[in-house]
Amino acid sequence: MRVASRLGAVFSLLGAFVATAVAMGLIVACLFLPAVGAAGQATNGGVKLFNDMPGSFAMNPLAQQSRILASDGTVLATPFNQNRIVVPFSKISKNMKNAQVAIEDERFYEHGAIDSTGLFRAIGSNIFSNGTQGASTLTQQYVKIAIQNEAINSGNTEKAKRAVSRTGMEGYVRKLQQLKYAVSLEQKYTKDQILDGYLNLVYYGGQAYGVEAAARQYFGVHASELNLPQSALLAGIVNEPGNLDPFTNAKGATARRNVVLAKMYQQKMITRDQMIKAQNTKLDLNPHPVKSNSCANSKYAYFCYYVIDWLQKQPSLGKTPKERMATLESGGLTIQTSFNPKMADVINKQIRKKIPQGNKAGVDSAAVIIQPGTGLVLASGQNTKYSNSPGNGTSATNFVDPDGGYAYGSTAKIFAVITALEKGWSPDKKIEVPSYNGKSSAGAPAHIFTNEEIPGRCGLGGDKWPLPNDAPKPPAGSDMSLTDATAQSVNTVFAKIVGELGACEVLKTTSKFGVKDGSGRPITSTISSITLGSSNTTPINLANAYATVASGGMYCPPRPVVSIKNGSGKKLKLSGTQCKRIVSKKVAAETTKIFKSVITDPKGTTHGDIQLDGDRPSAGKTGTEDGSRNLWFVGYTPQIATAVWVGHHAAPKDLKNVTLAGHRYTSPGGGYVFAGDLAAPIWKDIMDGALKGKPIKHFMKPDGTTPKDSPSPKTSEKTTTSNPPTYSGPVSGPASATTVPQTWQPSTTRTYVPPAPKTTQPPKTTQPPKTTQPPKTTEPPKTTEPPKKTNPPKHTGPPPKEK
């Protein structure tokens with residue numbers, strides 16, 4: 001009975017060599033002799049059958065983790081489906097190579113794909129002893145694991161199970177096929193190449209695939225640095241990675257390590273003294289557990305997921321988003337991003353200073369910085385923590401690139417200005433303020449626009465559009481320059497401008513600058529959307545549009561990635577990164593000249609309160625949606641463009657009488673907050689922090705000249721800089737410390753965003769509402785002194801709601 005049971009073990013061992021031979025009328029010799037290249041006679045039919053089996057087998061690139069890098073080289077995330085870091089044979093210590101060969105296949109460098117000596121020795125051992133000894137060579141093991149690994153990576157679980165099948169005819173055929181593959185492998189590759197593939201392939205437990213990941217995980221060293229006892233420990237784990245985890249089974253792992261050391265001594269790889277010393281060495285583990293590969297655990301989770309979304313649109317990574325994601329998780333890619341952590345820290349600090357995470361008012365805020373002339377997203381941030389669990393101060397949505405977007409208010413006026421300048425208007429061109437020939441629903445004086453004033457497919461059609469200006473309103477019939485109308489954000493003047501230019505022409509400019517909603521659809525063609533930004537867009541799109549002006553008229557699609565390299569170090573092609581000129585340098589320079597006045601004009605919507613440190617030249621625009629539901633400031637210098645958004649993401653609602661970070665924001669006549677109160681000061685603080693230590697650059701003038709750069713303003717803080725590795729871009733130093741005003745005086749000027757007129761004609765033709773709504777106020781100035789006891793101007797009512 002004992003002999004019979006051992007014979008069963010023998011048949012299990014021989015598998016393909018015996019059982020398949022019997023089943024197919026073959027003899028053992030005709031199976032393994034061709035594999036080792038030995039001479040001998042075998043039945044012609046058996047040899048032919050073996051040789052006719054598919055035998056092509058290549059050492060395909062292994063699945064390994066990819067890395068998403070920030071501009072300073074720090075790792076944002078390591079996407080992978082297997083934690084593997086492939087290293088060349090020269091980067092693996094000799095101790096490790098010897099240990100793995102000693103315990104797995106001591107005659108590896110002497111035999112072919114099949115070790116006939118080992119096979120017959122194993123048969124004898126299994127028949128005449130109580131133990132069971134295997135006879136698979138290291139090459140055969142590599143083939144089996146590689147087939148299983150490929151099946152797992154492709155999602156074919158059934159194929160993965162078959163790769164390790166050991167029972168029945170299926171198991172024998174599988175063994176025979178893997179033998180043929182082993183023969184093919186030994187014919188194509190050297191022994192060192194096969195061992196290298198094996199060491200990078202096998203599982204060492206604890207989510208560590210390959211020797212480099214294992215060395216880092218268990219000892220905090222590279223594979224090239226593994227000493228003798230460390231190497232022996234890792235080599236021993238391979239046999240039972242689930243059972244021999246040294247963190248959970250130190251005793252078992254130590255015993256197995258000592259077996260490996262004894263094998264190394266027997267094979268004269270080490271001396272007896274080395275063996276004894278290593279066997280008496282403590283495990284001396286230095287745990288470096290693998291960090292989660294998910295962006296969710298990154299400090300900069302929102303930007304990380306933005307990168308992932310962008311990569312899934314890159315054809316060089318695959319034909320479909322699913323294929324591209326598989327490449328990302330298994331291709332060992334190095335994704336170099338433009339993300340600057342220091343600039344992101346400035347954003348997060350300055351936003352939270354005024355709009356804390358988890359504030360009782362539930363106010364959200366976000367900002368993004370883009371480099372003019374490249375479209376590279378340098379930094380982003382928001383006042384929430386990434387989480388899939390809803391809660392106050394948490395969100396899984398990236399506010400700078402949300403699906404829906406937010407109404408962008410008077411920041412839209414830049415596109416009317418650009419259109420006007422392209423048609424030959426000058427910044428000083430005078431526009432007559434339309435008469436106040438009607439009233440809003442709240443009784444405010446308004447001009448009632450008709451189709452005659454705003455004609456065309458994108459115009460009013462048969463509707464009328466009552467549009468007021470808030471007090472103190474510019475006198476009807478007076479002339480305002482294009483620059484002053486922009487600085488003071490006079491709605492009726494801009495509606496008149498759009499009417500004269502053609503609303504569809506302004507919409508074309510808006511689209512040309514890449515402004516679209518969060519789902520990628522074009523901006524709606526209603527007159528209030530075209531003129532006053534009543535439809536939605538994202539902070540990234542808006543920041544990039546303003547960056548286009550800052551660059552001198554070169555539009556570059558926004559992107560977070562500088563370069564992608566595959567596991568072999570070859571650069572992959574990036575799609576959708578081509579820049580193109582969309583307006584002339586002269587038009588861009590004139591636009592900048594006009595929008596500089598928004599920041600410097602005391603009568604403007606920012607009241608001259610957000611001039612950057614050192615009088616650094618800058619330009620930008622406020623935007624306040626009806627009901628103050630969305631507040632914006634978008635502005636730029638020659639180096640960077642920044643968009644700041646404030647609002648409620650999940651359920652937009654009016655912003656009024658809110659207290660944030662101990663400061664109450666209110667205004668007469670309803671308590672509404674405006675962009676000049678909140679978004680604009682945050683923008684200034686972010687820009688000052690991001691540009692600290694950088695030289696002061698000047699914009700090109702309309703005549704084509706550009707003043708020379710100036711040194712950066714002196715500060716008492718030490719400035720640190722770090723540039724992205726493959727492009728020249730601005731980098732921030734420490735955030736500036738700008739004091740938040742305790743109180744402020746009511747403004748004398750307000751920017752009103754009127755409701756969109758109702759549509760009664762075919763698509764893209766709108767009608768004004770039958771009734772007017774009250775105007776909304778513009779941004780009040782800030783001061784660090786208490787407000788004077790003066791009577792504020794009368795207010796006509798809260799900002800109206802959009803229809």
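No hydrogens, no waters, no symmetry mates; every other heavy atom, side chains included, goes into these values.
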Student: Do the side chain of Ser519 and the main chain of Arg521 share a donor and acceptor less than 3.5 angstrom apart?
Tutor: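 No, the answer is negative, given that no donor and acceptor are paired below the 3.5 Å cut-off.
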
Student: Between Gln611 (side chain) and Arg616 (backbone), is there a donor-acceptor pair under 3.5 Å?
Tutor: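 Indeed, once roles are kept as given, a pair shorter than 3.5 Å links the two residues.
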
Student: Verify, without hydrogens or angle tests, whether Lys354 (side chain) and Ile682 (backbone) share a donor-acceptor contact under 3.5 angstrom.
Tutor: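 Flag not set: sc Lys354 to bb Ile682 has no pair under 3.5 Å.
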
Student: Checking Thr531 side chain against Ile527 main chain: does a donor-acceptor pair fall under 3.5 Å?
Tutor: yes

Student: Is Thr509 close to Glu422 at the side-chain level, that is, under 4.5 Å between some pair of heavy atoms?
Tutor: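 Glu422 reaches Thr509 side chain to side chain.
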
Student: Are Glu452 and Thr450 linked by a side-chain donor-acceptor pair shorter than 3.5 Å?
Tutor: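 Per modelled atom types, Glu452 and Thr450 side chains form no pair under 3.5 Å.
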
Student: Could you measure the distance from the CD1 atom of Ile369 to the CD1 atom of Ile347? Nearest 0.5 Å is fine.
Tutor: 4.0 Å

Student: List the residues meeting salt bridge (Lys or Arg N to Asp or Glu O under 4.0 Å) with Lys516, not counting sequence neighbours, and say none if there are none.
Tutor: none

Student: Judged by atom type as modelled, is there a donor-acceptor pair below 3.5 Å linking the side chain of Thr483 to the main-chain atoms of Pro427?
Tutor: yes

Student: When you compare the side chain of Leu467 with that of His447, does any pair of heavy atoms fall below 4.5 Å?
Tutor: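 The answer is no, as the side chains (C-beta and beyond) never meet within the 4.5 Å cut-off.
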
Student: Can the positive tip of Lys473 be found less than 6.0 Å from the middle of the six-membered ring of Tyr436, inside 45° of the ring normal?
Tutor: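 Output yes; distance and angle both within limits.
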
Student: Mind checking the CD1-CG spacing from Ile686 to Leu691? Nearest 0.5 Å is all I need.
Tutor: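 The CG atom of Leu691 is 11.5 Å from CD1 of Ile686, to the nearest 0.5 Å.
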
Student: State, to 0.1 Å, how close Ser410 and Ser489 come at their nearest heavy-atom pair, and which atoms those are.
Tutor: OG-OG, 3.4 Å

Student: For Ser529, does its backbone N or O pair with a side-chain atom of Ser534 as donor and acceptor, under 3.5 Å?
Tutor: yes

Student: Side chains of Ile414 and Lys621: does their closest heavy-atom pair fall under 4.5 Å?
Tutor: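 With C-beta onward as the side chain, the pair stays apart.
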
Student: Minimum heavy-atom separation for Lys586 to Pro702, with atom names?
Tutor: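 Lys586 and Pro702 have their closest heavy atoms at CG-O, 3.9 Å.
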
Student: Report yes if some heavy atom in the side chain of Trp632 is under 4.5 Å from a heavy atom in the side chain of Pro539; otherwise report no.
Tutor: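 Of all side-chain heavy-atom pairs linking Pro539 with Trp632, at least one is under 4.5 Å.
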
Student: Any sub-3.5 Å donor-acceptor pair from Arg664's side-chain atoms to Asn657's backbone N or O?
Tutor: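 Indeed, once roles are kept as given, a pair shorter than 3.5 Å links the two residues.
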
Student: Given the rule in the side-chain hydrogen bond (donor to acceptor under 3.5 Å, both in side chains) test, do Ser426 and Asp428 qualify, once you have shown the distances and angles that lead to the verdict?
Tutor: CA-CA 5 Å; Ser426 76; Asp428 298 323; 5.1 Å; no

Student: Hey, are the side chains of Tyr408 and Val515 touching, using non-hydrogen atoms and a 4.5 Å cut-off?
Tutor: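 Yes. Closest side-chain heavy atoms under 4.5 Å.
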
Student: Looking at side-chain heavy atoms only, is the closest gap between Pro402 and Trp645 below 4.5 Å?
Tutor: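 Side chain of Pro402 against side chain of Trp645, heavy atoms only: no contact under 4.5 Å found.
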
Student: First locate atom CG of Asp654, then atom CZ of Arg629, and finally report the distance between them rounded to the nearest 0.5 Å.
Tutor: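 It comes to 6.0 Å.
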
Student: Indicate yes or no for a side-chain donor-acceptor contact from Thr606 to the backbone of Asp609 under 3.5 Å, with no hydrogens or angles considered.
Tutor: no

Student: Regarding Asp688 and Lys692, does a basic nitrogen lie under 4.0 Å from an acidic carboxylate oxygen?
Tutor: no

Student: Quick check: closest heavy atoms across Ala690 and Val346, and the distance to 0.1 Å?
Tutor: N-CG1, 4.1 Å

Student: Say you draw a straight line from NZ of Lys708 to NZ of Lys697; how long is it, rounded to the nearest 0.5 Å?
Tutor: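 It comes to 13.5 Å.
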
Student: Could you tell me whether a side-chain N or O of Asp517 sits under 3.5 Å from a main-chain N or O of Gly405, the two making a donor and an acceptor?
Tutor: no

Student: Give the intermediate values and the outcome of side-chain hydrogen bond (donor to acceptor under 3.5 Å, both in side chains) for residues Tyr636 and Thr592.
Tutor: CA-CA 9 Å; Tyr636 56 91; Thr592 294; 2.8 Å; yes

Student: Can you say whether the rings of Tyr546 and Phe415 are parallel (under 30°), tilted (30 to 60°) or perpendicular (over 60°)?
Tutor: perpendicular

Student: Show the numbers, then the answer: is there a side-chain hydrogen bond (donor to acceptor under 3.5 Å, both in side chains) between Asn469 and Thr492?
Tutor: CA-CA 7 Å; Asn469 290 314; Thr492 57; 2.6 Å; yes

Student: Can you see which heavy atom on Ala543 is nearest to which on Ile370, and at what distance?
Tutor: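 Looking at all heavy atoms of both residues, the shortest contact is CB-CD1, 4.0 Å.
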
Student: Would you check if Ile497 and Val506 make a side-chain contact, meaning some heavy-atom pair closer than 4.5 Å?
Tutor: no

Student: Any ion pair linking Asp613 and Lys684 (charged N to carboxylate O, less than 4.0 Å)?
Tutor: yes

Student: Should Ile418 and Glu590 count as side-chain neighbours, where that means a heavy-atom distance under 4.5 Å?
Tutor: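 Ile418 vs Glu590: side chains apart.
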
Student: Could you tell me which non-hydrogen atom of His648 sits nearest to which non-hydrogen atom of Gly362, and how far apart they are?
Tutor: CD2-O, 3.0 Å

Student: So does Pro557 get a backbone contact from the side chain of Asn544, meaning a donor-acceptor N/O pair under 3.5 Å?
Tutor: no

Student: Inspect the surroundings of NZ in Lys593 and state if more than 12 heavy atoms from other residues, nucleotides or ligands are less than 6.0 Å away.
Tutor: no

